[in-house]
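One structure is given here, and the rest of the page talks about it.
The shown structure was predicted, so the numbers you read here are calculated from the model rather than taken from an experiment. Residue numbers start from 1 in every chain, and the chains themselves are labelled A, B, ... in the order their sequence lines are given, proteins ahead of strands. Keep in mind that the numbers below use all heavy atoms, side chains included, and drop hydrogens, waters and symmetry copies.
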Protein chains: 2
Amino acid sequence: MTAQKDIRMKARAEIFKALGHPARLAMVVALGDGELCVCELQEIVGSDMSTVSKHLTVLRHAGLVDADKRGKQMFYALRLRCAVEFLHCVDRALEERSQS
Amino acid sequence: MTAQKDIRMKARAEIFKALGHPARLAMVVALGDGELCVCELQEIVGSDMSTVSKHLTVLRHAGLVDADKRGKQMFYALRLRCAVEFLHCVDRALEERSQS
DNA sequence: GGGTCATTTGGTCAAGTGGCAAAATATACG
DNA sequence: CGTATATTTTGCCACTTGACCAAATGACCC
């Protein structure tokens, strides 16, 4: 793998890595229906808020979500919408597998 | 997160985790053009063959690729083709980011 | 069977990740 | 200003991951 190609692959892999955790994936799915604040996301995933916040940092760093502070609350919104479409394809594959 | 939803998210996350490594991603991209044997994949990613083999185990376990032994060689083929499409969307997002 | 080639498996080690709890920061409100 | 609320940061620990080497497996060839 050339150095340039490796850098490219690393950048791409960062996005997949960010999506490679159940809690982060659940948050991305939830954000597919519109922006949510951290406290709402915490209820969805059910872990400590500090943990949720760290996960959100990962998603933000990967460019998957945008953050917007309004008052005391921080609202997160999904940026890479095609992730939701890909999830549908993933779900179809998982269903096929569970049937066979 | 309910227990059932958690299981579902874990299954989905496994697929993203499998794609969340530069070498594995490079292999998936290469396999997008047709099946390849381990030795060919090794040339593409450039690491030790045992390392490549372990990465392939991860991809196979996640259901992303199929393995087929013919003679001395093991051929791998891409199973989840929509991964390639999603990568195009990811690339567009990465380009937008690098421009701004 | 013995030799060789392609691949996988097991061992070991350094580095990275995830989770919780406590402390820090930021913002509104009286 | 002091207090309450929402979120982030830091520290620490257990666990997982990825890389390489060496050894094992499996398939072909003589």
Which of C/dT8, C/dC20, D/dT7 is nearest the side chain of A/Thr51? It is C/dC20

Closest to the side chain of B/Lys72, out of D/dC28, D/dC21, C/dT9, is D/dC28

Can you tell me how far [atom2] of [N] sits from [atom1] of [X], to the nearest Å?
{"X": "B/Glu43", "N": "C/dT7", "atom1": "CD", "atom2": "P", "answer": "11 Å"}
{"X": "A/Asp48", "N": "C/dT17", "atom1": "CG", "atom2": "C1'", "answer": "16 Å"}
{"X": "B/Glu35", "N": "C/dA6", "atom1": "CD", "atom2": "P", "answer": "17 Å"}
{"X": "A/Leu56", "N": "C/dG19", "atom1": "CG", "atom2": "C1'", "answer": "15 Å"}
{"X": "B/Phe16", "N": "C/dT17", "atom1": "CZ", "atom2": "P", "answer": "18 Å"}
{"X": "A/Asp6", "N": "D/dG18", "atom1": "CG", "atom2": "P", "answer": "14 Å"}
{"X": "B/Leu41", "N": "C/dT7", "atom1": "CG", "atom2": "P", "answer": "9 Å"}
{"X": "B/Gln42", "N": "D/dC21", "atom1": "CD", "atom2": "P", "answer": "12 Å"}

d(B/Gln73 CD, B/Glu35 CD) to nearest 0.5 Å is 10.0 Å

**Message:** Test of understanding: clusters of I, L, V, M, F, W, Y form through side-chain heavy atoms closer than 4.5 Å, transitively. Do A/Leu41 and A/Val45 belong to the same one?
**Reply:** yes

Base, sugar-phosphate alone, or nothing: which one does [X] contact when heavy atoms must sit under 4.0 Å apart?
{"X": "A/Arg24", "answer": "sugar-phosphate"}
{"X": "A/Met49", "answer": "base"}
{"X": "A/Lys69", "answer": "sugar-phosphate"}
{"X": "A/Tyr76", "answer": "sugar-phosphate"}

### Task
Could you tell me whether B/Glu95 and B/Arg92 make a salt bridge, using a distance below 4.0 angstrom between a side-chain N and a carboxylate O?
no

Got a donor-acceptor pair under 3.5 Å from the side chain of [X] to the base of [N]?
{"X": "A/Lys54", "N": "C/dG19", "value": "yes"}
{"X": "A/Ser47", "N": "C/dC20", "value": "no"}
{"X": "A/Lys17", "N": "D/dG18", "value": "no"}
{"X": "B/Ser50", "N": "D/dA19", "value": "no"}

Comparing B/Val38 with A/Glu14, nearest DNA chain C nucleotide closer to 5' gives the residue B/Val38

Counting just side-chain N and O atoms, does A/His55 come under 4.0 Å of either OP1 or OP2 of C/dT17?
no

OP1 or OP2 of C/dG19 versus the side-chain N and O atoms of A/His21: is any pair under 4.0 Å? yes

Practice prompt. Look only at the side chain of B/Glu40 and the backbone of B/Cys37, and say whether a donor-acceptor pair between them is shorter than 3.5 Å.
Written response: yes

Partner of A/Leu80 under side-chain contact (heavy atoms from CB on, under 4.5 Å), picked from A/Leu19, A/Leu64, A/Val65, is A/Leu64

For B/Arg60 and B/Ala67, the nearest pair of non-hydrogen atoms, with its separation, is CD-CB, 3.4 Å

